[in-house]
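Have a look at the structure below before the remarks.
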Number of protein chains: 2
Amino acid sequence: MNPGTIRKSLESSGLRCTPQRFAVMAFLMERPGHPTAAEIFEAVNRADPRCSRATTYNNLRDLVQAGLVREVAVEGRAARFDVKGLRHHHFICDRCGCVEDMEWYDVPRPPRGSLGKRTLRQCEVIFRGLCAKCAVSGADSGVRSLRSSVEEHLHVQRRD
Amino acid sequence: MNPGTIRKSLESSGLRCTPQRFAVMAFLMERPGHPTAAEIFEAVNRADPRCSRATTYNNLRDLVQAGLVREVAVEGRAARFDVKGLRHHHFICDRCGCVEDMEWYDVPRPPRGSLGKRTLRQCEVIFRGLCAKCAVSGADSGVRSLRSSVEEHLHVQRRD
DNA sequence: ATATCACATTAGATTTAGTCTAGCCTGCTC
DNA sequence: GAGCAGGCTAGACTAAATCTAATGTGATAT
């Protein structure tokens, strides 16, 4: 990835291209796979100890606000980040919490009228299940958090 | 909401109907609007101080695992919970972080082959934008965290 | 060249959200 | 009526993220 590209995309979003900001962005680009903020901080800080934790978080916030980076919240775990490149959806593993990209396809807009006074900015699809590694390994290897382990449909037929 | 219904759905999911568990479930049913764990704890504990924080979290975990309750992770904020009743999607407000239900409609499955060795349990659509209240009030009222403001055109200044 | 100003950065303290620990309680079974 | 399992509790603890107050940086104005 050409350093000029990063600089340009930062600047065209109104962000100054500081060494720290550049490093965070570069790390995200060259390491797809949705790292957590802690992983990003650790990597960037190891490469150049001039980048502190607060700066990493600040820069992530700025990059997300500028629309260059996407944040993915995962139940019971740290958030994960990826560069907003080609459009894609996300797959979240119930077991290990990893986030993977899924091929893009269009999501139908919500039906007329269901939006009310709300303003719609984005629709995204989240897929859930087991990632390839966890699906294969079968046995448990780190399940701990609030997650639905029962198939979706087998409960609550509630009439209201 | 008939207390018998709650007891029955707990028991048919293999969960004993304890007073604390019942209270958490009842609160979620009678107060739709996706409260956070802290709100649930506060309400349930105020109504009956015999329910501790740990118990609230334990019960939420159990209810989610049993498939009676759904957890919604929100970027930069506490998770929110709702009873899994009628199928619906979720709308998350960029500004205040609230979660609202959206009318259900079918989501197309991921295209053939894009799943690989993964196991799919669920597809859900998340809508993002501004909730009715925030869309109207325009001015800022509590934005603080990593959130995307790109296409949002309304530049909220953090800190004042 | 220097004062100024806005933006960036830092170390470390703090807050928030959630989990863990160790012990007690309750109600069933033998 | 002892044993046991699941459930509960207060409060200590942890992880993730944010805040604070001070310092650095570099562009522009004087």
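FYI, side chains are in, hydrogens and waters are out, and symmetry mates aren't considered; it's all heavy atoms of this structure. Every chain is numbered from 1, with letters handed out A, B, ... down the list of sequences.
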Whole-Å distance separating the CG atom of B:Asn45 from the C1' atom of D:dC8: 13 Å
Closest nucleotide among C:dA17, C:dA11, D:dG11 to the A:Ser52 side chain: C:dA11
Criterion side-chain hydrogen bond (donor to acceptor under 3.5 Å, both in side chains) on B:Ser9 and B:Ser12, from CA distance to verdict: CA-CA 5 Å; B:Ser9 61; B:Ser12 71; 5.9 Å; no
Between P of C:dA17 and CZ of B:Arg80, the distance in whole Å: 10 Å
Under the side-chain contact (heavy atoms from CB on, under 4.5 Å) test, residues paired with A:Pro32 that sit two or more places apart: none
A:Tyr57 side-chain proximity, nearest of D:dA16, C:dG18, D:dG11: D:dA16
Single hit among A:Arg21, A:Met29, A:Glu11 for side chain to side chain contact (heavy atoms under 4.5 Å, CB included) with A:Ile6: A:Met29
Shortest non-hydrogen contact from A:Trp104 toward A:His89: CZ3-CE1, 3.2 Å
Selected nucleotide, minimal atom distance to A:Ala54 side chain, candidates C:dA11, D:dA10, C:dG18: C:dA11
Side-chain (A:Tyr105) to main-chain (B:Pro108) donor-acceptor, under 3.5 angstrom: yes
For atom CZ of A:Arg53 and atom C1' of C:dT14, their distance in whole Å: 13 Å
Rounded distance (Å) that lies between atom P of C:dG18 and atom CD of B:Glu42: 14 Å
Under 3.5 Å: donor-acceptor pair, side chain of B:Arg31, backbone of B:Leu28: no
Nearest-Å distance for atom pair CD/C1', residues A:Glu11 and D:dA27: 14 Å
Whole angstrom value for the distance that separates P of D:dA16 from CZ of A:Phe81: 12 Å
Selection from D:dA17, D:dC19, C:dG18 that lies nearest to any side-chain heavy atom of A:Ala37: D:dA17
Distance, rounded to the nearest Å, where A:Glu39 contributes CD and D:dA17 contributes C1': 15 Å
Contacts of type side-chain contact (heavy atoms from CB on, under 4.5 Å), residue B:Ser114, not counting sequence neighbours: A:Met102, A:Glu103, B:Pro110, B:Pro111
Using nucleotides 6-8 of chain C, report all nitrogen or oxygen pairs with the protein that are shorter than 3.5 Å.
from  : atom 1 : to      : atom 2 : distance (Å)
C:dA8 : OP1    : A:Arg21 : NH2    : 2.8
C:dA8 : O5'    : A:Arg21 : NH2    : 3.4

Atom-to-atom span, CD of B:Glu71 to C1' of C:dT19 - whole angstrom: 13 Å
